[in-house]
Amino acid sequence: MTSSEPATDTPLEADATPSEPAYTEESEADEDSYATDSETESGDGDDVSEDASGVPHGEWTGTAQVTVDFADPGCAADSRSYALPATLIIDEPVGTEGNSFHLSWASDDQTADGAFGVTSAQSGTDTVDGESVEIAYWSLTDDGEGSFSGQLTDTAAAAGASLNLLFVPKPLFQCGTYTSFPYAMNTDTTIEGSITDDSASITLSGTTVDGTRSFRVEWS
């Protein structure tokens with residue numbers, strides 16, 4: 001991965017956020033594990049392992065290049081680009097996840113323009129009734145040698161549990177002042193990449209659920 005400076009745009013807080021599901025997470029990367037003080041081209045070799053899928057397990061940090069194209073009704077088309085520090089974590093599947101590995105990839109700053117978050121599945125417990133909650137967002141496959149691909153198959157928007165999000169500009173009024181807003185990724189969103197013990201190359205591309213934004217996130 002080639003490190004570069006983060007975007008210099010002043011981060012704007014989202015004017016609305018999707019409702020969060022009422023459950024506590026049982027299997028999620030420890031927030032402290034995200035490296036935000038420096039950017040590196042590889043994960044810690046001591047923390048990298050590999051399961052039968054052939055995709056190395058561990059943590060990698062670097063800079064994600066985010067490009068967003070959009071055209072709101074009655075407004076001129078526009079495009080924005082951002083460079084944001086991000087962290088990738090590959091681990092064992094969570095709960096009843098049907099993938100051979102669990103993937104979590106997100107920008108370290110979740111409030112900046114261009115911020116994004118991708119998670120392949122969630123497993124938790126409903127805090128109201130104590131029932132188990134299992135959500136499989138992505139269907140992932142790999143070639144047994146570190147390369148993988150996948151498609152977002154469930155946005156979980158109806159359940160208020162969208163966790164695959166992109167924070168991009170939205171006008172406060174028609175074609176007026178823009179502020180960062182969380183858009184859920186649509187089920188046409190795809191991901192592909194190649195991971196070794198020393199590096200990771202990933203491309204994420206798709207559209208938002210409302211169809212107004214198309215995006216591409218690259219990391220190599």
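Minimum interatomic distance between His102 and Ser120 (heavy atoms only, all atoms of both residues): ND1-OG, 3.0 Å. Across every non-hydrogen atom of Phe167 and Ala112, the tightest pair is CB-O, 4.0 Å. Closest of all the heavy-atom pairs between Val118 and Asn164 is CA-OD1, 3.3 Å. The minimum heavy-atom distance linking Trp105 with Ala86 is given by the pair NE1-CB, 4.0 Å. Taking each heavy atom of Ser81 and Thr67 in turn, the nearest pair found is OG-OG1, 3.8 Å. Closest approach of Pro169 to Phe70, counting heavy atoms only: CB-CZ, 4.4 Å.
Pairs of residues two or more places apart, or lying in two chains, never qualify as disulfide bond (SG atoms under 2.5 Å apart) while including a residue from residues 92-149. Evaluation of the disulfide bond (SG atoms under 2.5 Å apart) test over residues 125-161, restricted to residues two or more places apart or in two chains, returns none. Among pairs with a residue in residues 80-166, none fulfils disulfide bond (SG atoms under 2.5 Å apart), at least two apart in sequence or across chains. Pairs passing the disulfide bond (SG atoms under 2.5 Å apart) check and including a residue from residues 160-217, sequence neighbours excluded, read Cys75-Cys175.
Distance check, rounded to the nearest 0.5 Å: CG of Leu103 to CD of Glu97 gives 9.0 Å. The distance from atom OG1 of Thr63 to atom CG of Asp108, rounded to the nearest 0.5 Å, is 9.0 Å. To the nearest 0.5 angstrom, Ile195 atom CD1 is 9.0 Å from His57 atom NE2.
Partners of Glu145 according to the side chain to side chain donor-acceptor pair (under 3.5 Å) rule, which considers only residues two or more places apart in sequence or in another chain, do not exist here. Under the side chain to side chain donor-acceptor pair (under 3.5 Å) criterion, Thr177 pairs with no residue, sequence neighbours left out. In this structure Glu218 satisfies the side chain to side chain donor-acceptor pair (under 3.5 Å) test together with Arg216, sequence neighbours excluded. Evaluation of the salt bridge (charged side-chain N to carboxylate O under 4.0 Å, His left out) rule for Asp143 yields no partner, not counting sequence neighbours. Not a single salt bridge (charged side-chain N to carboxylate O under 4.0 Å, His left out) links Asp188 to another residue, sequence neighbours left out. With sequence neighbours left out, Phe215 forms a ring-ring contact (aromatic ring centres under 6.0 Å, His included) with no residue at all. Partners of Thr189 according to the side chain to side chain donor-acceptor pair (under 3.5 Å) rule, which considers only residues two or more places apart in sequence or in another chain, do not exist here. Take Ala71 and apply the side-chain contact (heavy atoms from CB on, under 4.5 Å) test, not counting sequence neighbours, and it matches Ala77.
In this structure, Trp60 has its ring center no closer than 6.0 Å to that of Trp219.
The hydrophobic clustering, which links ILVMFWY residues whose side-chain heavy atoms are closer than 4.5 Å, places Tyr178 and Leu84 together.
Between the side chains of Glu134 and Ser123, at least one donor N or O lies within less than 3.5 Å of an accepting N or O. The closest side-chain donor-acceptor pair between Asp210 and Thr212 falls under 3.5 angstrom.
Ser162 places a side-chain N or O within donor-acceptor distance of the main-chain N or O of Thr155, the cut-off being under 3.5 Å. A donor-acceptor pair is defined here as one N or O able to donate and one able to accept, closer than 3.5 Å; such a pair exists between the side chain of Asn99 and the backbone of Trp138. Of the possible donor and acceptor atoms, one in the side chain of Ser107 sits under 3.5 Å from a partner among the backbone N and O of Phe116. Using modelled atom types, one side-chain atom of Gln151 and one backbone atom of Thr187 make a donor-acceptor pair closer than 3.5 Å. No donor-acceptor distance shorter than 3.5 angstrom exists from the side chain of Asp142 to the backbone of Ser149, with no hydrogens or angles considered.
Residues Gln122 and Val133 fail the side-chain proximity criterion, which asks for heavy atoms closer than 4.5 Å. Within the 4.5 Å cutoff, the side chain of Val66 has heavy atoms near those of the Leu166 side chain. Using a 4.5 Å heavy-atom threshold, the side chains of Asp113 and Val68 count as separate. Contact of the Pro85 side chain with the Asp109 side chain is not registered, since no non-hydrogen atoms from C-beta on lie closer than 4.5 Å. Proximity of Leu152 to Tyr137: side-chain heavy atoms (C-beta onward) are separated by under 4.5 Å at one or more points.
Between Phe101 and Phe148, the ring-plane angle classifies as perpendicular under the 30° and 60° cut-offs.
Checking each of Thr207, Asp72, Asp69 against Arg213 for a side chain to side chain contact (heavy atoms under 4.5 Å, CB included) leaves exactly one that passes, namely Asp72.
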